[in-house]
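First the structure, in the form of structure tokens, and then the observations on it.
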Amino acid sequence: MEITPHCVVALTWTLKDTTGEELDTLEEPVEFLVGGRDLLAKIEEALQGHERGDRVDLHLEPEDAFGDYDENLVFLEPRDVFPKELEEGVTFEGMPPGATSKDAPGDVIYTVTEIYPEHVVLDGNHPLAGIALRLHLKVEDVREVTEEELEAGTLGMGFFRVE
């Protein structure tokens, strides 16, 4: 079966930056809804017409992947509004209660990037924002989408989705 605008595709991949540094490897296939909210538009476009066993190599500029890095999505918040046990890399959906950055978007996932005695740095950018990517995909399987999957618009695997 060929990949069409509304189907389910199982993929494995290797994701690298343009210097060749490996950022992620997926060795076990994961299913994504083509024509839903699971994949970036450039990935869906490149997959069209391919079938099981095909390999697809892509170069994605930041604007076609996770966007440019936005300094306006970096915020300093008082350390005391966070749990005592806090580590870099922890994420929060929206700002924590007691946050002082009133202009911070509430529907963003923030990552703790630095912890200081008096404040914490929160970054609302996707971890791959501003990075050009090289993606080596392998189509492991293609199948028809179910009505429930199509209605949901996602299989819940949002690695290649930008909210």
statement: Tightest non-hydrogen contact, residues H6 and G35, listed as CE1-O, 3.6 Å
query: Is the closest side-chain heavy-atom distance between L133 and T18 below 4.5 Å?
result: no
query: Mind checking what makes side chain to side chain donor-acceptor pair (under 3.5 Å) contact with T12, not counting sequence neighbours?
result: E140
message: When you group the ILVMFWY residues by side-chain heavy-atom contacts below 4.5 Å and let the links chain together, are Y110 and L128 in the same group?
response: no
- prompt: Is there a donor-acceptor contact under 3.5 Å from the side chain of Q48 to the main chain of E44?
  reply: yes
task: Please say whether more than 12 non-hydrogen atoms of neighbouring residues, nucleotides or ligands are located less than 6.0 Å from CD in E71.
output: no
message: Can you tell me how the ring of F32 sits relative to the ring of W13, calling it parallel under 30°, perpendicular over 60° and tilted otherwise?
response: tilted
Euclidean distance, L39 CG relative to K42 NZ, rounded to 0.5 Å: 14.5 Å
V142 and T4, any side-chain heavy atoms less than 4.5 Å apart: no
field: Residue list, side chain to side chain donor-acceptor pair (under 3.5 Å) with R79, at least two apart or on another chain
entry: none
- request: Give a yes or no answer on whether the side chain of D54 reaches the backbone of K138 with a donor-acceptor pair at less than 3.5 Å.
  value: no
field: Nearest-0.5 Å distance that lies between atom CG in D17 and atom CG in D24
entry: 12.5 Å
field: Straight-line distance of L23 CG to K16 NZ, nearest 0.5 Å
entry: 10.0 Å
message: Could you see if V108 belongs to whatever hydrophobic cluster contains V74? Use Ile, Leu, Val, Met, Phe, Trp, Tyr and a side-chain cutoff under 4.5 Å.
response: no
- prompt: Listed by chain and number, what are the side chain to side chain donor-acceptor pair (under 3.5 Å) partners of E61, not counting sequence neighbours?
  reply: H59
query: Would you say R143 has more than 12 foreign heavy atoms packed within less than 6.0 Å of its CZ?
result: yes
statement: Students should find that the hydrophobic cluster of L73, defined by side-chain heavy atoms under 4.5 Å apart, otherwise consists of none
message: Please check: side-chain N/O of D57 versus main-chain N/O of H136, any donor-acceptor pairing under 3.5 Å?
response: no
message: If I take atom CZ from residue R52 and atom CD from residue E2, how far apart are they, to the nearest 0.5 angstrom?
response: 15.5 Å
- request: Would you name the heavy atoms of C7 and L33 that are closest together and state the gap between them?
  value: O-CD1, 3.5 Å
task: State whether the side chain of R134 and the backbone N or O of T19 hold a donor-acceptor pair below 3.5 Å, judged by distance alone.
output: no
task: Just do the side chain to side chain contact (heavy atoms under 4.5 Å, CB included) check on L26 and L15 with the steps written out, would you?
output: CA-CA 9 Å; L26 180 65; L15 179 67; over 6 Å; no
Give every donor-acceptor pair under 3.5 Å between a side-chain atom in residues 115-124 and any protein atom, sequence neighbours left out.
unit_1, atom_1, unit_2, atom_2, d
Y116, OH, E114, OE1, 2.5
D123, OD1, N125, N, 2.8
D123, OD1, N125, ND2, 2.9
D123, OD2, Y69, OH, 2.6

statement: When every non-hydrogen atom of T154 is compared with those of R37, the smallest separation belongs to CG2-NH2, 3.4 Å
With a cut-off of 3.5 Å and sequence neighbours excluded, list every side-chain donor-acceptor pair involving residues 90-106.
unit_1, atom_1, unit_2, atom_2, d
T100, OG1, E77, OE1, 3.2
S101, OG, E77, OE2, 2.4
K102, NZ, A99, O, 2.9

query: Should I109 and I131 be regarded as members of a common hydrophobic cluster, given that ILVMFWY residues are connected when their side-chain heavy atoms come within less than 4.5 Å of each other, either directly or indirectly?
result: no
message: Does any part of the side chain of L40, heavy atoms only, come nearer than 4.5 Å to the side chain of D64, both counted from C-beta?
response: no
task: Can you measure from CG (L86) to NZ (K84) and round to the nearest 0.5 angstrom?
output: 12.5 Å
query: Going by heavy atoms in the side chains, are L47 and V139 under 4.5 Å from each other?
result: yes
- request: Answer yes or no: are there more than 12 heavy-atom neighbours, outside E151 itself, under 6.0 Å from its atom CD?
  value: no
- prompt: So do E88 and T113 actually touch side chain to side chain, heavy atoms under 4.5 Å?
  reply: no
- prompt: Among the clusters formed by ILVMFWY side chains lying less than 4.5 Å apart, do L76 and V112 turn up in the same one?
  reply: no
query: Quick one: does L11's side chain get under 4.5 Å of V30's, heavy atoms only?
result: no
